[in-house]
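Okay, so here's the structure we're looking at.
Just follow the structure's listing: the first ligand is 1, and inside any ligand the first atom is 1. Predicted model, so just to flag it, every value in this text is computed and none were measured.
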Amino acid sequence: MDDFIDKILISQEEIETRVNELAKQISKDYVGKEIRAIGILRGAFIFMSDLIRNISVPLSVDFMSISSYGDDSESGGVIRILKDLDKPIHNKHVLIIEDIVDTGLTLQHLKEVLAIREPASLRVCALLDKKERRIVNNLEAEYTGFVIPDQFVVGYGLDYAEKYRNYPFIFVLKSKYYQGI
Ligand code: PRP
Ligand code: MN
Ligand code: MG
């Protein structure tokens, strides 16, 4: 096993099973509707591609890229749009797709920005939820894959310094690889 892996938190098989369950639930909930799936770059792209391939209602995709000001210190929720949607979402059934909800600041801001555009509905599907880290109150994704502990996880789209997104499972990174010691 690669030396930087502390432990595998969610295996490829567990991800596949859960992603299929989420897709089934979403397909059921949106019967008779068309989904506009919005992937939040970059972390969501792998989850999104697996999820939407298992959704059976009509669907189109768009992408948004945002960044929070500052680094890992608390930014006060100021978030900048680096790439906006290509298409309007007025009257569309929007489903935001995220890899992880952590403090919740990204999602809070995104929901505010998108709600102003008056979609027919606005929901969130997040693969991971690090609930313990939440600083925004009353922010829950309508669809959540796994609630995880506050550990340094990467893989399946999630990065540390842009690395490890390509691993097909979610793992805890050994601390010496992110603490630089
Ligand atoms: C990560 C993750 C979420 C966000 C969650 O993205 O993909 O989008 O942070 O954090 P929050 O709940 O504390 O706001 P990141 O900014 O690292 O960009 P990336 O998706 O390109 O890795
Ligand atoms: Mn992200
Ligand atoms: Mg990141």
Side-chain angles (χ1 to χ4, degrees), residues 2 4-6 8-10 15 18-19 22 26 36-52 61-86 89 94-117 119 122-180:
D2 290 292
F4 48 77
I5 298 176
D6 186 342
I8 294 181
L9 191 69
I10 311 172
I15 293 172
R18 188 67 187 124
V19 170
L22 288 172
I26 291 166
R36 172 69 51 83
I38 295 181
I40 308 306
L41 298 170
R42 289 169 292 267
F45 80 107
I46 290 183
F47 171 48
M48 182 180 190
S49 67
D50 283 345
L51 182 77
I52 66 171
V61 301
D62 204 345
F63 297 91
M64 208 158 169
S65 176
I66 55 189
S67 95
S68 44
Y69 275 117
D71 39 330
D72 47 3
S73 60
E74 281 180 25
S75 62
V78 184
I79 278 164
R80 197 160 46 111
I81 296 176
L82 300 179
K83 182 221 168 289
D84 205 339
L85 298 173
D86 289 336
I89 53 168
V94 169
L95 183 61
I96 299 173
I97 314 234
E98 263 289 31
D99 53 340
I100 184 166
V101 186
D102 190 347
T103 64
L105 289 170
T106 302
L107 210 48
Q108 182 189 40
H109 182 78
L110 254 175
K111 286 182 79 174
E112 276 170 25
V113 165
L114 297 184
I116 293 166
R117 302 180 192 183
L122 181 58
R123 290 185 181 179
V124 178
C125 178
L127 180 65
L128 306 176
D129 185 350
K130 241 188 215 181
K131 268 198 201 308
E132 293 166 36
R133 296 252 312 156
R134 195 81 84 259
I135 62 176
V136 178
N137 293 321
N138 304 318
L139 186 94
E140 296 297 330
E142 282 76 5
Y143 304 97
T144 300
F146 303 91
V147 175
I148 59 164
D150 185 12
Q151 291 182 312
F152 207 111
V153 293
V154 294
Y156 198 70
L158 289 98
D159 72 305
Y160 168 63
E162 296 306 324
K163 285 196 290 189
Y164 313 113
R165 293 194 201 272
N166 53 313
Y167 284 76
F169 46 83
I170 292 166
F171 63 95
V172 179
L173 189 62
K174 277 188 189 164
S175 61
K176 67 175 174 184
Y177 286 89
Y178 59 83
Q179 287 177 338

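- Among all protein heavy atoms, the one lying closest to atom 10 (O) of ligand 1 is Asp102 CB, 3.5 Å.
- In this structure, Arg165 is part of the shell of residues with a heavy atom less than 4.0 angstrom from ligand 1.
- What sits closest to atom 14 (O) of ligand 1 on the protein, heavy atoms only, is Thr106 OG1, 2.4 Å.
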Verdict with reasoning, Val19 to Tyr156, per side chain to side chain contact (heavy atoms under 4.5 Å, CB included) = CA-CA 12 Å; Val19 170; Tyr156 198 70; 3.9 Å; yes
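- At least one N or O atom of Gly104, backbone or side chain, sits closer than 3.5 Å to an N or O atom of ligand 1.
- For atom 6 (O) of ligand 1, no protein non-hydrogen atom is found at a distance below 4.0 Å.
- Remark: ligand 1 atoms within the under-4.0 Å shell around heavy atoms of Glu98 are 3 (C), 7 (O), 8 (O).
- The nearest heavy-atom contact from the protein to atom 2 (C) of ligand 1 is Asp99 OD1, 3.4 Å.
- Of the polar atoms of Glu162, none of the N or O atoms is found under 3.5 Å from an N or O of ligand 1, judged by distance alone.
- Taking the charged nitrogens against the carboxylate oxygens, Asp99 and Arg42 have no contact shorter than 4.0 Å, which rules out a salt bridge.
- The residue from Thr103, Ile66, Ile100, Val154 that puts a heavy atom closest to atom 11 (P) of ligand 1 is Thr103.
- If you take CG on Leu105 and CG on Leu107, they are separated by 10.0 Å, rounding to the nearest 0.5 Å.
- Within the coordination shell of the Mg ion (ligand 3), defined by N, O or S atoms under 2.8 Å, Asp159 is present.
- Per-atom contact check: atom 20 (O) of ligand 1 touches the protein, criterion being a heavy-atom distance below 4.0 Å.
- Separating the CZ atom in Phe146 from the CG atom in Leu128 is a distance of 7.5 Å, to the nearest 0.5 Å.
- Note on ring orientation: taking the six-membered ring where Trp is involved, the planes of Tyr177 and Phe4 are perpendicular (angle over 60°, cut-offs 30° and 60°).
- Atom CD1 of Ile170 and atom OH of Tyr164 lie 15.5 Å apart (nearest 0.5 Å).
- Heavy atoms of His109 found under 4.0 angstrom from ligand 1: none, in either backbone or side chain.
- When atom types are taken as modelled, the side chain of Lys131 and the backbone of Val101 share no donor-acceptor pair closer than 3.5 angstrom.
- More than 12 non-hydrogen atoms from other residues, nucleotides or ligands lie less than 6.0 angstrom from CG of Asp150.
- Any N or O atom pair closer than 3.5 Å counts here, and Gly43 shares at least one such pair with ligand 1.
- To the nearest 0.5 angstrom, Arg123 atom CZ is 8.5 Å from Leu95 atom CG.
- Proximity of Asp159 to ligand 1, defined as any heavy-atom pair under 4.0 Å, is confined to the side chain (atoms from C-beta onward).
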